[in-house]
Amino acid sequence: MAEKKKPNILNPSAWREARSLMWQYRGRLAVGFGLMVVSRVFGLITPASTKVLIDNVIGEGRSEWLLPLVGAVLLATVIQAITAFALSQVISVAAQEAIMEMRERVQAHVTRLQVEFFDNNKSGELISRVLSDAEGIRNLVGTGIIQLTGGFVTAGLALAVLLYLNWELTVGTIIALLLFGGLVGYALNKIRPIFRERNVIRQEVSGRLGETLSGIRIVKAYGREQAEQDIFATGVKRLFGNIKRTITATSALGATGTFVIGLLGAAITYFGALSIFAEEMTLGDLVTYVFFTGLLATPIIQIANIGSQISEALAGLDRINDLLRRDTETEAESEKAPLGHVEGDLSFENVRFSYEEGKPVLHGVSFEAPAGTTTALVGTSGSGKSTIVGLVMGFRTPDSGRILVDGRDLTGLKLGEYRQLLGVVLQENFLFDGTIRENIAYARPDATEEAITRAAMLANAHRFIEAFEDGYETVVGERGVKLSGGQRQRLAIARAVLADPRILVLDEATSSLDSESEVLIQQGLSRLRDGRTTFVIAHRLSTIRNADQILVVEAGEIVERGTHTELYGAGGRYRELYDTQNRWEEDLFVNPGEETADRL
């Protein structure tokens with residue numbers, strides 16, 4: 001079996017994105033480069049002053065030069081301090097701004113990706129991409145790139161001084177440093193894949209941790225704390241192993257750099273002393289030469305650290321671009337027709353759909369749902385009911401066939417405008433970690449107090465809300481964890497009520513309610529459905545007796561359609577489901593026995 005080819009770590013798109021970022025912040029970078037050059041130039045004054053101090057002030061006894069020399073060093077130090085502060089303000093702030101904008105851009109793009117993308121990716125991994133991968137940008141538009149460039153500036157200036165002091169000795173120094181630079185480049189090329197792997201591991205670990213914390217009740221209920229701890233420990237050990245490898249590699253580079261500097265120091269000491277004996281250099285020249293050799297060598301050694309940081313930033317950009325390259329649901333919205341007024345007529349024309357190629361879920365489904373009517377979908381689990389509803393909401397696109405809204409193909413309409421017409425109550429009653437008021441008004445943040453209260457009353461939620469000490473300002477916790485299942489469901493219904501939708505989707509909207517609450521909510525939903533095109537999925541068939549049409553879905557096909565009276569009278573699949581459910585409920589709640597226990 002052929003080995004799977006690894007992705008190119010230095011993806012051209014990452015370089016393009018890096019150049020684009022630097023061009024976007026070119027003004028601040030230019031100011032930063034200017035401040036950096038000033039700082040590096042004045043940084044040469046102190047080591048250069050040693051030659052004057054040793055050869056002229058001390059050697060020739062020119063004491064009158066001492067105070068001006070000290071003054072020049074102090075002035076250079078003050079200018080370095082000022083430029084360093086200004087540089088951090090200009091560049092570091094620019095870097096954080098770039099990180100902020102990148103996070104906003106990625107989050108905006110991710111939220112517009114197709115639903116199937118989220119089905120195949122863990123939320124924890126996506127969070128890591130949005131937050132962590134963008135962090136490395138600071139090395140591209142911040143201190144990293146400035147330090148890297150500044151190192152070359154310092155090295156260039158130092159090289160010019162060294163050539164002036166002793167060109168023969170400098171040639172040997174350059175050869176040694178170039179060899180070390182080649183070694184650094186080779187090492188960085190080997191380290192880059194490790195940084196990309198680190199991001200992958202970190203996202204896997206954070207994704208699993210997010211799942212564990214979200215499902216902590218299931219973890220505890222089944223006593224799986226130790227198992228989750230073991231899984232997490234395995235992940236962080238993998239992360240530790242990766243980090244250890246990079247530490248080892250960069251430490252090896254640092255040690256090699258120290259060794260090279262040591263060799264250079266020994267060589268300079270030996271050959272410099274010979275030059276002094278031969279009167280080719282003064283003592284001041286040699287001391288200055290040593291200082292400037294350090295200024296030449298230090299930036300090259302720093303390239304190991306700075307280069308690895310930039311490599312990590314490029315790896316993060318590459319992963320971010322993996323997301324940004326994905327087509328969103330609204331990729332070509334500007335080219336689509338505006339929605340305009342919608343009556344709410346929906347129809348499926350020979351719609352076929354599959355989640356995986358070669359495994360069809362819907363087989364040529366066709367039906368009409370006139371505006372203002374209620375269409376109920378019934379059938380066994382896995383028959384395709386939720387898939388039909390997902391297509392109605394635009395979460396999926398048919399493989400073939402058409403979904404028409406007022407006679408227009410849904411794929412040709414602006415999806416964002418279309419979804420503003422939707423009201424949704426799904427099986428998973430997701431609430432945000434905020435107040436009850438904020439959750440009810442999620443679709444209409446500007447809703448009045450009266451409208452929010454009216455929606456809660458219609459959903460039979462007002463009474464339990466008022467019973468809380470903080471009323472509508474009660475914080476519900478993550479996913480509404482502080483509320484019961486029935487309370488969460490009623491808030492989800494109130495949210496849909498307040499949205500005032502043209503098309504209403506109810507997927508098991510009363511599944512978590514007691515019988516009394518269900519009756520009250522059904523009355524409210526009946527009023528809500530008036531004038532709206534409604535799709536209802538309900539396993540409790542008694543709740544859909546008044547639907548305008550009932551579609552019986554089996555194995556991805558509509559096998560029966562009609563009203564409750566028509567289908568029940570026909571004695572087909574619907575009647576079988578209805579009678580079976582009635583017998584089940586009667587056995588379970590009225591006369592439980594061995595047969596019921598066997599079915600359970």
Side-chain angles (χ1 to χ4, degrees), residues 213-218 220-221 374 376 386 389 393 422-501 503-532 534-547 585 588-589:
L213 297 179
S214 297
I216 192 64
R217 286 167 176 77
I218 299 298
K220 288 183 176 295
T374 296
S386 294
V389 167
M393 292 186 288
L422 297 178
V424 180
V425 182
L426 301 177
Q427 287 177 311
E428 296 182 5
N429 304 299
F430 188 93
L431 299 180
F432 292 90
D433 186 11
T435 65
I436 288 176
R437 181 190 314 280
E438 290 168 344
N439 275 282
I440 294 177
Y442 185 72
R444 290 179 54 196
D446 58 344
T448 64
E449 186 78 20
E450 180 183 359
I452 293 173
T453 303
R454 186 168 58 249
M457 287 180 172
L458 187 62
N460 194 29
H462 180 71
R463 181 177 299 177
F464 83 76
I465 294 173
E466 287 293 291
F468 289 129
E469 181 179 352
D470 295 327
Y472 282 81
E473 301 304 320
T474 300
V475 176
V476 301
E478 185 179 7
R479 296 176 177 266
V481 69
K482 296 181 181 180
L483 305 178
S484 69
Q487 289 171 335
R488 291 196 299 271
Q489 198 148 30
R490 279 177 273 182
L491 291 187
I493 292 172
R495 180 168 58 195
V497 170
L498 188 63
D500 192 23
I503 300 169
L504 182 64
V505 175
L506 306 173
D507 187 351
E508 293 295 319
T510 60
S511 62
S512 297
L513 303 177
D514 55 73
S515 299
E516 182 180 359
S517 296
E518 181 182 355
V519 171
L520 294 173
I521 291 178
Q522 286 294 348
Q523 293 173 355
L525 290 176
S526 295
R527 294 192 294 272
L528 175 64
R529 290 197 299 261
D530 287 343
R532 294 179 172 85
T534 305
F535 292 86
V536 180
I537 294 178
H539 290 131
R540 199 176 300 178
L541 302 185
S542 59
T543 64
I544 58 170
R545 296 183 61 169
N546 295 325
E585 292 178 352
L588 185 60
F589 297 108

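We use all heavy atoms of the structure for the numbers below, so side chains are in, but hydrogens, waters and symmetry mates are not.
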Could you grab the distance from atom [atom1] of [X] to atom [atom2] of [Y], nearest 0.5 Å is fine?
X      : Y      : atom1 : atom2 : result
Arg532 : Ile503 : CZ    : CD1   : 11.5 Å
Arg454 : Glu449 : CZ    : CD    : 11.5 Å
Phe535 : Leu506 : CZ    : CG    : 11.0 Å
Asp433 : Glu438 : CG    : CD    : 9.5 Å

Kindly give the heavy-atom pair with the smallest separation between [X] and [Y], and that separation in Å.
X      : Y      : result
Ala455 : Ala494 : CB-O, 3.6 Å
Ser386 : Asp507 : OG-OD2, 3.7 Å
Ile440 : Ala456 : CD1-CB, 4.2 Å
Pro501 : Gly423 : CB-N, 3.1 Å
Lys482 : Val475 : CD-O, 3.4 Å
Asn439 : Phe432 : OD1-N, 2.7 Å

Does any N or O in the side chain of [X] come within less than 3.5 Å of the main-chain N or O of [Y], such that one atom is a donor and the other an acceptor?
X      : Y      : result
Arg490 : Asn460 : yes
Arg495 : Tyr442 : no
Arg444 : Leu498 : yes
Arg488 : Leu483 : yes

Is the closest side-chain heavy-atom distance between [X] and [Y] below 4.5 Å?
X      : Y      : result
Asn546 : Thr374 : no
Phe464 : Leu491 : yes
Thr474 : Ile465 : no

With side chain to side chain contact (heavy atoms under 4.5 Å, CB included) as the test, would you mind laying out the steps for Gln487 and Val476 before giving the verdict?
CA-CA 10 Å; Gln487 289 171 335; Val476 301; over 6 Å; no

